[in-house]
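Convention: sequence-line order gives letters A, B, ...; per-chain numbering from 1. Keep in mind that the numbers below use all heavy atoms, side chains included, and drop hydrogens, waters and symmetry copies.
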Amino acid sequence: MDVKAVEQKWQARWEKSKLNQFDKKATSKPKHYVLEMFSYPSGAKLHVGHWYNYGPTDSYARFKRMQGYNVFQPMGFDAFGLPAENYAIKTGVHPKDSTEKNIETMEAQLKAMGAMFDWSAEIKTCEEEYYKWTQWMFLALYKKGLAYRKEAPVNWCPSCQTVLANEQVEGGVCERCGTQVTRKNLTQWFFKITDYAEELLKGLDELDWPEKTKNMQRNWISKSTGCEIEFECENGEKIRVFTTRCDTVFGVSYVVLAPEHPLALSLTTAEHIEEVKKYIEYAAKANEIDRLSSTREKTGVFTGSYCTNPVNGKKIPIYLADYVLASYGTGAVMAVPAHDERDYAFASKYQLPIVKVIESQNGDTKLPYCEDGIVVSSIDFDGLVGEEARNAVASHLAKIGKGGKKVNYRLRDWLVSRQRYWGAPIPVIHCPKCGAVPVPEADLPVKLPYDVEFKPNGSSPLANHEKFMHTTCPVCGGEAQRDPDTLDTFVCSSWYYLRYADPHNAAAPFSKEKVNKLLPVDTYVGGAEHACMHLLYARFLTKALRDMGYLDFNEPFLRLVHQGVILGPDGNRMSKSHGNVVSPDEYVEKYGSDAFRLYLMFGFSYTEGGPWNDDGMKAISKFLDRVEKTVLKIKEYKTENGSLYGANEKALDYARNYAISKVARDMETFSFNTAIARMMELLNAIGKYDAFAEKNTSFLKDTVKDFVLLLAPCAPHICEELWEILGEKNSVFLQNFPKENPDALVLDEKEYAVQMNSKIVCKAMLPANGSQDEIQSLALALPEVQERMEGKSLKKCIVVTGRLVNLIVG
RNA sequence: GCGGACGUGGCGGAAUUGGCAGACGCGUCGGACUUAGAAUCCGAUGGGAAACCUUGCAAGUUCAAAUCUUGUCGUCCGCACCA
């Protein structure tokens, strides 16, 4: 078969007949929205990772289609972003030009893959008709009070020359370029994702997502239930601390503020001011180096002030220390050295009192003792344990007006402004009189100008574009400046799956009706690296849009699958420096798109991935050759012996229906490797039956047809061709996926493993549905059993119907 | 440090969820067809001469463990002073 010609033939036919498009009219079929994470138009060509994401998932989509679903599978490009801009800085090619060119080549390649993408719904996030609505999203959130601007210590990547969201910092390092991130106090735009912390956490329980991913999100949101306690200072200021261990409040020996705490300076006495200022400076610098290590030696400084422990009136010194984070809880903690390792280390170093107020229930209390235990030396609360003690203390604090129960989350608000060029401009105007004013919706989009000097200089490239920056205030009409920042590209990708439902709507981001009909996404497939970024942001935006009345569902992605990673043949991650990059093109050229896709499905467990192997590629190609040969041979047979149905036919019928039932199950669970293994078995069974001199050829032909239908989602071009060769007129993808005939799967006898005292003695054909007694007596009658029964008697017999019988003798 | 996942032939990987470990395929070996090779087809293939031994290692529960429990080693990932 001329694979190339066959691929082109069918791709052209599919396009002409609009076979790949979602049927907007069909109402009787249930919809199924299959989505692959859209790609960033980098470099020029699709890499193995793209094929591995899109190929098998497309086979899943085709499978669902043949099962009778109205499948929607769109594709688009996440086109804004840093790489294009960095490339521009290096080469001088404008990001818009390089991006558009890259998209063009990638479109052609994606089409050559033969996936049933509905290109009529294509999205490119860098186009005005799309980013207009990204800006609209920003304004909608702003109006709802979910977008705000504030000065805060933020993450700054010195290499990318922009601020980053918390989620984009991995271990203190920029997620993109690996540069150490520094901290800066800057005024930036944030989305109030924290308003949804609880729902984002709870919603995970309902989702059909990998547990690991759900746990990563849980971990990232990190809910902690505790208590806020107010310590009043001598000068009347009040310090609120957050603690999960209010049962230790009688053991507080000092209070610590983060160096950035707003009260840090006002609480410092004249005597200590020099030292404190020096420490704050030191801490700011230390922040930049590493405040990451928990093994780092604790440092701090005394402010000279004292506050009062609300439960016992004790006078308590106030310290500053950088082991307390300004951004979590209240930025202040009560230190209980006896029952917290960090406080213990600090107190030991600065010779602060260590007061034991918890005792281990088994009597052995070695400090610092950080487990739950019996409260001691705490007046009314003595004798209470753990949660019980915490409840009692919390309600006491509430009663005296000094605090009470409080829930905290580790999740921070999403910082969305970026000091870069290639993104959607933030639709805000800064007026000297009116402050930050949103751009009226009618004026959207705020167009990204083309002629911009985008060499980074620490400020936003747009800031230097006079024409862009200069504008008038929509409120007062006076002279004003545009916001020079652009939106994080994760904002663009946090709603694209909604736009696909209504991609050409010029009046709104999408119609509520269309989105409610097509969403949520039923099956979403993409890399695991987005667990705490894209996948979290998209959930947030969906919930926010729901609360604003734009849609009626709670979660965007009902089911999530992560594909694994294909490594180089040497087992390392593919990279140019390793010299182990496998380029799909050569293989597609040599073996065809179907063979390449099929190898990716068969050679790995889909969610695991693994090292590339050339021999496996050849093996799959051989399998496809055998398929073709078999079909060509059997198609020539005259249909005869239609009523012949003996043991051989029964065996082939079993193989056929066994394959049908297993393939359907395995395709559903993305177990593509085993699905294809079952098809190989069926092909072997077909070959075996074909070797018989006397055979029922019309039955054989039907079986071969079923085989082609089973394989069609995985090898779409070749199976279309074979389907046509078999004399069929309509596309194989308009056929129903075969359904198994349960009768054919019923066997009279099955091979049982016969065990005596749990050791296998022999194997025997016994009634498939025999009763306990029946199987037992048949087993006992077996010669191999009789032999070993001499002088022994049966104590017990275990029968697993259809599989095994275990005779316990003694 | 905390949390999670994983560990099965020479290799990629299966195992109806506690029921014959090693499906399917690669590789290897043998054979057929060939002057020969390539391709193709057929057969064998966890180890061991055998009793038997085998799912990282060591215990345990069970009639029965790759699967459950505990400990231990190793690999990978996530979080990292979160009070």
Side-chain angles (χ1 to χ4, degrees), chain A residues 170-172 210-220 222-224 226-227 241-246 248 256 258 290-298 321-325 327-336 339-343 345-346 370 408-412 528-529 531-532 571 599 602-605 608-620 622-623 625-626 629 661-662 665-666 671 673-684 687 691 751-763 795-809:
Chain A
E170 286 176 351
E211 271 312 308
K212 188 182 170 180
T213 306
K214 292 205 271 185
N215 274 329
M216 278 171 72
Q217 286 205 2
R218 286 190 186 110
N219 210 313
W220 188 256
S222 194
K223 180 179 182 174
S224 130
C227 189
V241 305
F242 175 72
T243 178
T244 53
R245 291 299 304 275
C246 67
T248 64
V256 201
D290 75 331
R291 205 157 138 181
L292 297 164
S293 167
S294 52
T295 52
R296 179 163 161 258
E297 197 183 344
K298 308 255 174 302
D322 70 356
Y323 77 91
V324 174
L325 305 175
S327 48
Y328 183 75
T330 61
V333 302
M334 61 178 216
V336 187
H339 307 295
D340 181 282
E341 283 178 24
R342 296 152 301 183
D343 299 343
F346 191 85
C370 308
N408 258 317
Y409 301 90
R410 207 193 62 156
L411 182 71
R412 314 285 157 75
E529 66 276 12
C532 292
Y599 167 61
F602 180 63
F604 314 86
S605 152
E608 296 295 317
W612 175 269
N613 179 317
D614 262 9
D615 291 332
M617 183 69 237
K618 281 181 214 145
I620 273 295
K622 212 165 87 178
F623 167 67
D625 286 345
R626 280 180 62 209
K629 272 186 207 158
S661 76
K662 293 299 180 194
R665 191 198 63 175
D666 291 349
S671 307
N673 52 347
T674 51
I676 290 164
R678 300 293 87 84
M679 294 183 217
M680 288 172 167
E681 283 169 354
L682 178 56
L683 187 67
N684 291 342
E751 191 185 65
Y752 280 63
V754 180
Q755 299 181 333
M756 290 180 77
N757 291 339
S758 307
K759 291 213 166 176
I760 292 180
V761 170
C762 65
K763 294 176 182 183
K795 295 264 158 61
K796 195 176 170 185
C797 174
I798 291 132
V799 174
V800 181
T801 313
R803 306 191 66 84
L804 166 148
V805 51
N806 189 2
L807 303 159
I808 310 302
V809 299

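Judged by atom type and distance alone, A:K298 reaches the base of B:C81 through a side-chain donor-acceptor pair under 3.5 Å. Looking at A:D615, its side chain has no donor and acceptor atom pair within 3.5 Å of the base of B:C26. For A:K796 against B:C63, no side-chain N or O and base N or O form a donor-acceptor pair under 3.5 Å.
Salt bridge A:E211/A:R218: present, at least one basic N to carboxylate O contact under 4.0 Å. Under the 4.0 Å criterion applied to side-chain N and carboxylate O atoms, A:D615 and A:K618 are assigned as salt-bridge partners.
The side chain of A:Y328 has B:A83 as its nearest neighbour among B:A83, B:A23, B:C20. In the set B:C26, B:G19, B:C81, B:G19 carries the atom at the smallest distance from any side-chain atom of A:N806. You'll find that the side chain of A:I808 is closest to B:C63, out of B:C26, B:C63, B:G78. Taking every side-chain heavy atom of A:L804 into account, B:C20 is the closest of B:G25, B:A64, B:C20. The side chain of A:E751 has B:C20 as its nearest neighbour among B:C24, B:C20, B:C77. Candidate nucleotides B:A80, B:C81, B:A83 were compared by shortest atom distance to the side chain of A:W220, and B:A80 ranks first. Comparing B:G13, B:C20, B:A83 by their nearest atom to the side chain of A:A753 picks out B:C20. Residue A:D340 places its side chain closer to B:A83 than to any other of B:C24, B:A83, B:C41. Among the nucleotides B:C20, B:G25, B:A83, the one closest to any side-chain atom of A:F602 is B:G25.
For B:A15, neither phosphate oxygen OP1 nor OP2 lies less than 4.0 angstrom from any side-chain nitrogen or oxygen of A:T674. A close approach under 4.0 Å does not occur between any side-chain nitrogen or oxygen of A:N219 and OP1 or OP2 of B:A80. Side-chain N/O atoms of A:K622 include one lying less than 4.0 angstrom from OP1 or OP2 on B:C26. Considering only side-chain N and O atoms, A:S224 lies under 4.0 angstrom from the phosphate OP1 or OP2 of B:A83. Dashed line: the shortest gap from a side-chain N or O of A:R410 to OP1 or OP2 of B:A80 is under 4.0 Å. An OP1 or OP2 oxygen of B:A14 is reached within less than 4.0 angstrom by a side-chain nitrogen or oxygen of A:N673. One finds no side-chain N or O of A:Y323 lying less than 4.0 angstrom from the OP1 or OP2 phosphate oxygen of B:A83.
Between the side chain of A:N806 and the backbone N or O of A:I798, no donor-acceptor pair lies under 3.5 Å.
For B:U75, the glycosidic angle deviates from 0 by more than 90°, giving an anti base.
Proximity of the aromatic rings of A:W220 and A:Y409 is defined here by a centroid distance below 6.0 angstrom, and this criterion is not met.
Inspection of the A:D666 and A:T674 side chains reveals an N or O donor paired with an N or O acceptor under 3.5 Å.
Residue contacts shown for A:I760 are limited to sugar-phosphate atoms, with no base heavy atom under 4.0 Å away.
Nucleotides of RNA chain B nearest to A:R678 and A:Q755 differ in position, and the one nearer the 5' end is that of A:Q755.
Using a 30° and 60° split on the angle between ring planes, A:F346 and A:Y323 fall in the tilted class, from 30° to 60°.
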